[in-house]
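Working notes, beginning with the structure itself.
Note that these values count all heavy atoms, side chains included, but never hydrogens, waters or copies made by symmetry. Chain identifiers are assigned alphabetically (A, B, ...) following the order of the sequence lines, protein sequences preceding nucleic acid strands; residue numbering begins at 1 within each chain.
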There are 2 protein chains.
Amino acid sequence: MPDHTPPRRRLADDSAEAPAIAASTPLPAASSGNGARPDPPWGASVDHDGLDGDTRDAFGPLDVRSDRRVPEATVARLPIYLRCLVEVADAKVVTISSERLAEMAGVNAAKVRKDLSYLGSYGTRGVGYDVEYLLVQISRVLGLTQDWPVVIVGIGNLGQALANYRGFAARGFRIAALVDADPSKVGESVGGLAVRSLDDLPEIVAGQNVAIGIIATPAGVAQDVADRLVAAGITSVLNFAPTVISVPPGVSIRKVDLSIELQILSFYQQRRESGRPVDDVPAGDLPTAGAPVEASEGLTL
Amino acid sequence: MPDHTPPRRRLADDSAEAPAIAASTPLPAASSGNGARPDPPWGASVDHDGLDGDTRDAFGPLDVRSDRRVPEATVARLPIYLRCLVEVADAKVVTISSERLAEMAGVNAAKVRKDLSYLGSYGTRGVGYDVEYLLVQISRVLGLTQDWPVVIVGIGNLGQALANYRGFAARGFRIAALVDADPSKVGESVGGLAVRSLDDLPEIVAGQNVAIGIIATPAGVAQDVADRLVAAGITSVLNFAPTVISVPPGVSIRKVDLSIELQILSFYQQRRESGRPVDDVPAGDLPTAGAPVEASEGLTL
DNA sequence: TAGATTGTTAATCGATTAACAATC
DNA sequence: TAGATTGTTAATCGATTAACAATC
């Protein structure tokens, strides 16, 4: 069986610029022993970007760019792989094949290999991927080796639920502050934090170096809140308000829209009920999965 | 200016099989007068599916299938368009151009036209789309002309927030029941509903004809809950638990994963901070939008 | 060596978008 | 008629996936 040797690394390394792996506990993985990651022979083979051939791509074959472009769809799947890896690491599994990882993540094995290949050559042919090592690499690529303070704006039902959500802290997203426009809410304690005024935003963002803002307000004020967040220096926004908001270039935005998800389900449900062909099962953010995952992580959502 | 006449309809109509437009109030739009929709001349031009040519598609040109295939990406955008239309309808605007709708939805105008063309020819050249009419058509396609009872499983922080979320009912998703496995929670009242036992699931689903289930439990029990939902007869699942769950074919599943969204933001944030080229701004479910939407709908999320 | 499994290629598919004829 | 705007085409782009040579 697999005579496991630490995987070689082929791509140019960008860890020089990347933040050092923090001693804090950014990942659940930290508790499952990621200090013991294999120590691969750095620079064993100093070759270029691996793109040799007719691939339609802007990189010339000599362009050793540390910032390999990672497709958007791949970025969105990396957190899933990470979660699966944490799970198998907790079970003390040392190596994992793309096949098994794919099964757990609910995707195609070829997709897993392709996705991971954007990060570098972290597998070993005939063996698989070293779980701990891959886990650390994905964490690094995702920027999870550092702590990200976040601010939540809008402390209604959802804001409070988010403030109490343990899964954020468990993944290195520390809630730095809760903010609300309603004076009657300011000062109230939620999840161990005192709610602060919307006017304190600039001070909070600057003082605690907050880069990520979460909008959990009613739709009507979401754009205004977004503007204030951006003005205060926030450059990543997660929007839960059921409205489209716009941000200037250079600011990232993602949205989570509860009603929209239900409406999408409604579409496919209706098709089924009216006896239509229902070509494909619908459309998760990720496909329907195929694995009997027996999840661990004691999250009390 | 636009001499507005009711838009013609070109595609084969499938309203024969589709549920009748309910008299209930499935949409906020109901309150803005959608009873007054224009009455287009049905069957004016009886033509086929419009797919004539070399498009790689399974439909033969003579195959008048009522169930036009709507691309997944389009389905995911229809709820956004709908929301924008409700907003302009409330402002008593009668027609809207693809350009304006695109601006509001934060997408490309060509995309709006292409998306809407999958539903039929509901616009009028030189004029635009009749707001109320388009609104009704999108609602119908999405299955929002009927009421969808939903059951929420897991009444923790998030489950309670969801139970109190007014946006669901406002869009025709009636919360039929709240369910939890914890006996100490059963009987408790949340958002005006008594929490029921997980064991009551079959009875609830059958008795109230529930098709959609929402999982808001910890990851560890999510798969088991999904299995029970499916066994009880649920065929659409919205999963908030941070784990991949699998369901049999014929059951739809979508997921909302809070931590994953933050991790994706972290990726792009890190790229920016480390002075990388940051080719593209990241990756919302929908793009970054471009419109100063001043939202209405008084949702108290 | 034989078996296993990666990393990459290339085919294919689906989604996006500019452009423009159709037509109000 | 002139201006506006749709609906559709076709080019392009990005994502998926089977297949297989490389190699452990």
Of the candidates D/dT16, C/dC24, C/dT6, the side chain of A/K111 sits closest to D/dT16
Which nucleotide sits closest to the side chain of A/R125: C/dT6, D/dG7, C/dA18?
C/dT6
Measure from the side chain of A/P71, starting at C-beta and using heavy atoms only, and say which of D/dT5, D/dA15, D/dT8 lies closest.
D/dA15
Here the distance between atom C1' of D/dA15 and atom CZ of A/R69, to the nearest Å, is 11 Å
So, taking the atom named CZ in B/R171 and the one named OG in B/S139, what distance separates them when rounded to the nearest 0.5 Å?
11.5 Å
What's the closest nucleotide to the A/K114 side chain, out of D/dT9, C/dT9, D/dG7?
C/dT9
Between C1' of D/dT6 and CD of B/Q137, the distance in whole Å:
17 Å
Send over the distance from B/L116 CG to D/dG7 P, rounded to a whole Å.
8 Å
Looking at B/S98, does any N or O in its side chain come under 4.0 Å of the phosphate oxygens OP1/OP2 on D/dT6?
yes
Would you mind reading off the distance between A/I96 atom CD1 and C/dT6 atom C1', rounded to a whole angstrom?
14 Å
Could you check how far CD of A/E99 sits from C1' of C/dG7, rounded to whole Å?
15 Å
Distance alone, cut at 3.5 Å: any donor-acceptor contact between the side chains of B/R83 and A/S259?
no
Distance in angstrom units between B/L134 CG and D/dT5 C1', rounded:
15 Å
Is the phosphate of C/dC20, meaning OP1 or OP2, less than 4.0 Å from a side-chain N or O of B/R113?
no
If you only use heavy atoms from C-beta on, which nucleotide in D/dT17, D/dG7, C/dA18 is closest to the side chain of B/N108?
C/dA18
Quick note, A/A110 side chain, CB onward, closest among D/dT16, C/dT6, D/dA18 is D/dA18
Can you see if the side chain of B/Y129 gets near the phosphate of D/dG7 - specifically, an N or O under 4.0 Å from OP1 or OP2?
yes
Once you round it to whole Å, what is the distance between C1' of C/dT16 and CG of B/D115?
10 Å
Just to be sure I understand: a Watson-Crick pair is purine N1 to pyrimidine N3 plus N6-O4 or O6-N4, both under 3.5 Å. Using that and G-U wobbles, which stems of three or more pairs involve DNA chain D?
C:3-24 with D:3-24
If you check the A/E72 side chain, which of D/dC24, D/dA15, D/dA10 turns out closest?
D/dA15
A/R100 CZ to C/dA4 P: how many Å, rounded?
18 Å
Applying side chain to side chain contact (heavy atoms under 4.5 Å, CB included), run through B/L116 and B/Y129 and close with a yes or a no.
CA-CA 10 Å; B/L116 297 182; B/Y129 299 87; 3.6 Å; yes
